[in-house]
Amino acid sequence: AEGTTVALAAGGRFVSALAFHPGGTHVAVAGADGLSVWNATGTKVTWADAPREAFAVAFDPTGAALAVAEPMAVRVRDAQTGAVKQTLPT
């Protein structure tokens, strides 16, 4: 909800970028140790991919896909499962 503070139990990891699902149901967290998608309350990891480093992350307007910038590529992932749908070399 707007104005609500959520603390992610990320274990003190460095965070490069955050993206909020358009429906407000999830938050994607990119960092030096990979990518994780959490529920909106920050209490449960929906899925994660490590040890790939991720610099930036963005949901598409429908919330169905997630673009993730990594050192050598941008990967388009299914936002629900994390499955890679497309890889774009940089």
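Residues: numbered from 1 along the sequence shown.
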**Complete:** In short, Phe59 meets Ala19 closest at the heavy-atom pair CE1-O, 3.5 Å

May I have the list of side-chain donor-acceptor pairs in residues 83-90 shorter than 3.5 Å, sequence neighbours left out?
residue : atom : partner : partner atom : Å
Thr87   : OG1  : Arg75   : NH1          : 3.3
Thr90   : OG1  : Met72   : O            : 3.3

**Message:** Quick one, Thr81 and Trp47 - any side-chain contact, counting heavy atoms below 4.5 Å?
**Reply:** no

**Prompt:** Under 3.5 Å, is there a donor-acceptor pair between the side chain of Asp49 and the main chain of Leu35?
**Reply:** no

**Fill in**
Minimal heavy-atom distance between Ala56 and Ala17, with the atoms involved, is CA-CB, 3.8 Å

**Asked** With a 4.5 Å limit on heavy-atom distance, are the side chains of Val57 and Leu18 in contact?
**Response** no

**Message:** Please determine whether side chain to side chain contact (heavy atoms under 4.5 Å, CB included) holds for the pair Leu66 and Val37, giving the CA-CA distance in whole Å, both sets of side-chain angles, and the decisive distance to 0.1 Å.
**Reply:** CA-CA 10 Å; Leu66 186 66; Val37 176; 3.9 Å; yes

**Prompt:** Can you find a pair of side-chain heavy atoms, one from Arg77 and one from Val68, that are under 4.5 Å apart?
**Reply:** yes

**Asked** Out of curiosity, Phe55 CZ to Glu70 CD, how far, rounded to the nearest 0.5 Å?
**Response** 9.0 Å

**Message:** Please find the pair of heavy atoms, one from Pro22 and one from Pro61, that lie closest to each other, and give the distance.
**Reply:** CG-O, 3.4 Å

**Complete:** Heavy atoms of Ala79 and Gly63 approach each other most closely as CB-O, 3.2 Å

**Message:** Quick check: closest heavy atoms across Ser16 and Ala54, and the distance to 0.1 Å?
**Reply:** OG-O, 3.6 Å

**Message:** Count I, L, V, M, F, W, Y as connected when their side-chain heavy atoms are under 4.5 Å apart, and connections chain through other members. Are Val15 and Val45 then in the same cluster?
**Reply:** yes

**Prompt:** So do the side chains of Thr46 and His26 get within less than 4.5 Å of each other, counting heavy atoms only?
**Reply:** yes

